[in-house]
Amino acid sequence: MNKHEKKIFTYIIVISCILIAMALLGTILSRFNYQDHLDETVITVDDTEITLREFGCYIYEVEAFVQKQALIYDPENPKHWWNTHFSAGMDSQFVCDLAKKAAINTCILEEIYSKKAASEGITLDIAEEKQALEEAKVLYNSMNSEQIRRTGLDEDIIIEIRRKHALASKYSALMEKSLNFAGFSEEPKELLDWDGAYFQEKILPEHMIEMNDKVLDKITLGKITVNYE
């Protein structure tokens, strides 16, 4: 190898090292840190903005539910269940993606139903208010310090979301008895759920939904409040 070839070879090595360093730096800088986005809006329903901190309550509940299934499926490595892929034509998805879809859509549904209830003067009675408060305390006490830190949740936020859940459930129950479901084959309760035909075709189109995909796309359920060790 002559002097000129050595110089070219050295130049190639230096450039390669620089490119590798830049790629590693880019990976580090673009790494998603969940806690850095807690106060960013992730879902907007009409004029109501829902932050990642508030959405964390839905994430926690869905992760807790699916984690129970995961531990039955593989007690040694529950991540196997979260990474299981269900083949169902165009609806084929991984469990982690199905879980995120459920969390997002439950959040949207409860926002819509609770707001509809409030606009029609429907409120929680004393017993319902008490139950929502008790459920919030149970949920908060079920979280360990690391789960609280990761989600940024506190008891006040959870109480507010459990109230919203209770009001949405009450409004849904009233709709089951008052709406005309002619042309639909499923039971009213199923039709009014987030994946129900009536909700999807009649209710959801009446509302403006915006999602912050820059944040939501970076979130993978199954390792936020579970399997994080």
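The analysis underlying the following values was restricted to heavy atoms, covering all of them including side chains, and did not include hydrogens, waters or symmetry mates.
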Worksheet item: Do the side chains of Ile219 and Leu38 join up, straight or via other hydrophobic residues, at under 4.5 Å, putting them in one cluster?
Response: yes
Item to complete: Taking only Lys NZ, Arg NE, NH1 and NH2, and the carboxylate oxygens of Asp or Glu, determine whether Lys164 and Glu160 approach each other closer than 4.0 Å.
Response: no
Discussion item. Check this for me: does any side-chain nitrogen of one of Arg149 and Glu146 sit under 4.0 Å from a carboxylate oxygen of the other?
Written reply: yes
Worksheet item: Would one find more than 12 heavy atoms of other residues, nucleotides or ligands at under 6.0 Å from atom CD of Glu187?
Response: no
Practice prompt. Inspect the contact between Glu111 and Lys115 and indicate whether a charged nitrogen and a carboxylate oxygen are less than 4.0 angstrom apart.
Written response: yes
Fill in: Exercise: do Glu63 and Thr225 side chains pair donor with acceptor under 3.5 Å
yes
Worksheet item: Taking side chain as C-beta onward, heavy atoms only, is Leu52 less than 4.5 Å from Asp39?
Response: no
Discussion item. Counting only heavy atoms not in Gln131 (residues, nucleotides, ligands), do more than 12 fall under 6.0 Å from its CD?
Written reply: no
Item to complete: Determine whether more than 12 heavy atoms belonging to other residues, nucleotides or ligands lie under 6.0 Å from atom OH of Tyr228.
Response: yes
Discussion item. Is the ring pair Tyr73/Trp81 parallel, tilted or perpendicular, if the boundaries are 30 and 60 degrees?
Written reply: tilted
Discussion item. Looking at Lys202, I want to see if its NZ is surrounded by more than 12 non-hydrogen atoms of other residues, nucleotides or ligands under 6.0 Å.
Written reply: no
Worksheet item: Is the closest side-chain donor-acceptor distance between Tyr58 and Glu110 under 3.5 Å?
Response: yes
Worksheet item: Using the ring of each side chain (for Trp, its six-membered ring), is Tyr171 parallel, tilted or perpendicular to Tyr113, with breaks at 30° and 60°?
Response: tilted
Worksheet entry | Value rounded to 0.5 Å, distance of CG in Leu192 from OG in Ser172 | 4.5 Å
